[in-house]
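Here is the structure we will look at, set down as structure tokens.
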Number of protein chains: 2
Amino acid sequence: MARGSTRPTSRDVAQAAGVSQAAVSLVLGDKWRGRVSEATAQRVREAARDLGYRPNLAARNLRLGRTRTVLLVVPALTTEFFAGVYTGAARVAAEHGFGVVLYPSPEGIGPARDPFASAQAALDGVIASSMAADALTAIRGEALPLVMLDSDPAGSLGAATVNLDIADGVRQVAEHLLSLGHRRFLHLAADVPSWTFEVRARELASRLSEVPGTSVRTARAPISIEGAVAATEAALSVPGPRPTALVCDDDKLAAGAYKAARRLGLRIPDDLSVTGLDDLALATAIDPELTTVRLDAELFGERGMRALLAVLEGRSPEGGDIPVQLLVRGSTAPPR
Amino acid sequence: MARGSTRPTSRDVAQAAGVSQAAVSLVLGDKWRGRVSEATAQRVREAARDLGYRPNLAARNLRLGRTRTVLLVVPALTTEFFAGVYTGAARVAAEHGFGVVLYPSPEGIGPARDPFASAQAALDGVIASSMAADALTAIRGEALPLVMLDSDPAGSLGAATVNLDIADGVRQVAEHLLSLGHRRFLHLAADVPSWTFEVRARELASRLSEVPGTSVRTARAPISIEGAVAATEAALSVPGPRPTALVCDDDKLAAGAYKAARRLGLRIPDDLSVTGLDDLALATAIDPELTTVRLDAELFGERGMRALLAVLEGRSPEGGDIPVQLLVRGSTAPPR
DNA sequence: CGCCCTAAGTTTTACGTATAACGTCGGCTC
DNA sequence: GAGCCGACGTTATACGTAAAACTTAGGGCG
């Protein structure tokens, strides 16, 4: 009790219970089936509780050569979506006795360009968003078990991938707008090099090209409201027939588009239909509420973590993209 | 080289450089001033680089008895703000060779109610938001160096506190609205037990009570857009003279209030002035743009981390609240 | 010449845990 | 009664690192 400030070790517990340190380890590690009597085990457990014993993780990790900790690498930018991913991943991790450490990719973190310096913990594996491109080379260098989120299955040599079915989401958006009667489209694309955005562009172009009489222009903007305002305002100001439907890569871009439309005196959805992608809180805060594609971020994180656990246990991760869902709200209507 | 799959240790480096393991540790730990010749040090560094050596964190942590890792405990709810806090904290941490692990407080994480089970890493200290109340008792039990964010300085026995000057922000809001001529106020309060919200209520009531002829009612809502819509709609529908100014504890609540106002046919700011607090991306996405109080989340995280570093080094953390700034936008105007 | 000092290392130890390898003792079988 | 086996432990060791304590060889100095 009056041992001072240092934390009790398994040896202290052993002494208190009148057994050897090994016995403590066996009991607390639940490996005592036929090795220790029930009575002794009970004594050990009580001593541990009384002393407030907690195993030293550093020692355990050293001994076992693994840490039951994984790194989740996300792009610094998008917070709400990846908060959901983290939550899902952390929940599944906790169920399996794992912890999850976050590494938000590049900017803002400063000198430590290296995920593994920043995450002091030693790691058993990594889950990385393909948007966090900067960190990826460093990750590859470590040859750790790796799961990629929303990454080109063909391009992620070796690594397992878990993807949202973004292509289907874009198809749903296109179908919805086409069936409303829209033919002149503007695609407000995220100016970020990532597979997940390439898919949007490819799928939209592909579907629209099948319908005679449609046209689609593209504008690019960084993923921020201000950036989207400028890009949209410019794109809608060019002479010639104006697009009647604006497909945005992302809800934030759509929010910027709203502001641009307002400045130009265009009413949504009467003069311009707008769609987003993500279903952030934003989407229902703006007026009119945004027609968008709901991505289940938590499920995404869960599936990512399950895939990594599978890799760690030598199983092969389950395949299949995660379904997404079009939410039709007030920002889309037939063209006037 | 052809050593197989296991990672090289300092002993491997030693062998490659033709020195002892101790020499490697000295060189790489930068403790070799008068202990090792420059030439040998160079050889060691090269060998380490060639082998791709990385020190085993678990072993180092065990040896040193500290991990250079701190836990940041945040409420699961609010993501954008705490993303900023994390970024600021992580930057400062990285500058000092520390890592930051996130623990989003209660819901969603599942069985592991215990921050220290979830964050597998052993910890040197903790930074905790007072909003993450559920986790606090567990944290206290560990007797780790602790810094509280936005917590009652009087009530956080022993622990250092770092606070935003929320009281000043509320005063600025009140001053602004009073000077516009508003006298009938509604306070849309976050239904979350936390000091940071108590301050808002206290300060607003206090300032308004000094001005004769003012009245203030209070409505409560959970911090979500939908919750705020319902609460605001109810509060604005009661008979009698309607409030002309709505002071919200938070931007999200304000976004909900916008929707409620719209449903009731009230125009902002003509029929109702609205203010928020946080300056989230939301604030400039909605129309009209929200008059709100900018909180510098990154600076908050920075200061929190600096305070914790001070505690860890036995210095006393610097005091003083972090200043905040009123941003007057389009959601406030004189009452009609 | 004898001494100490410094440079340049090496040997050894400890951190706390998990587990393989090793004892001991009573009881049962043949 | 010899042998063996299962129950109940203990002893010893290794994980990789940091650092204290020790070694060795010159060199300078009185």
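These numbers come from the heavy atoms of this one structure, side chains and all, not from hydrogens, waters or symmetry mates. Protein chains get the first letters and strands the later ones, always in sequence-line order, with residue 1 at the start of each. None of these values were measured; they are calculated from a predicted model.
Looking at A:Val92, A:Val85, A:Thr87 one by one, the single match for side-chain contact (heavy atoms from CB on, under 4.5 Å) with A:Glu298 turns out to be A:Thr87.
One can place CZ of A:Arg35 at 15 Å from P of C:dG23, the figure rounded to the nearest angstrom. Rounded to whole angstrom, the span from the CG atom of B:Leu62 across to the P atom of C:dG16 amounts to 7 Å. Nucleotide C:dC15 holds its P atom 19 Å from the CZ atom of A:Arg60, rounded to whole Å. Atom CZ in B:Arg7 sits about 10 Å away from atom P in D:dG16, given to the nearest Å. Atom-to-atom, CG of A:Asn56 to C1' of D:dC15 comes out at 13 Å; the value is rounded to the nearest Å. Here the P atom of nucleotide C:dT17 and the CZ atom of B:Arg63 are 16 Å apart, to the nearest Å. Between A:Asp12 atom CG and C:dC15 atom C1' the separation is 13 Å, expressed in whole Å. Distance A:Asn61 CG to D:dG16 C1': 13 Å, rounded to the nearest Å.
Of the charged side-chain nitrogens involved, at least one lies within less than 4.0 Å of a carboxylate oxygen, so that B:Arg45 and B:Glu38 count as a salt-bridged pair.
Here the side chain of A:Ala59 is nearest to one of D:dG16, C:dG9, C:dG16, namely C:dG16. Across C:dG9, D:dG9, D:dT17, the shortest atom-to-atom separation from the side chain of A:Thr40 is found for D:dG9.
With no hydrogens or angles considered, no side-chain donor-acceptor pair links A:Asn61 and A:Thr67 at under 3.5 Å.
In this structure, A:Arg7 contributes its side chain and A:Tyr53 its backbone to no donor-acceptor pair below 3.5 Å. Of the possible polar contacts, one joining the B:Arg68 side chain to the B:His96 backbone as a donor-acceptor pair under 3.5 Å is found.
Listed in residue order, the members of residues 18-33 of chain B having a heavy atom less than 4.0 Å from DNA chain D are B:Gln21, B:Ala22, B:Ser25, B:Lys31.
Heavy atoms of A:Gly65 sit nowhere under 4.0 angstrom from any nucleic acid atom.
Two residues are said to be in side-chain contact when any heavy atoms from C-beta on lie closer than 4.5 Å; A:Ser129 and A:Pro75 meet this criterion. Looking only at side-chain heavy atoms (C-beta outward), A:Ile223 and A:Val192 come within less than 4.5 Å of each other.
Listed pair A:Ser10 / C:dT17 meets the phosphate criterion, a side-chain N or O lying under 4.0 Å from OP1 or OP2.
Between A:Arg43 and B:Leu64, the residue anchored closer to the 5' end of DNA chain D is A:Arg43, taking for each the nucleotide with the nearest heavy atom.
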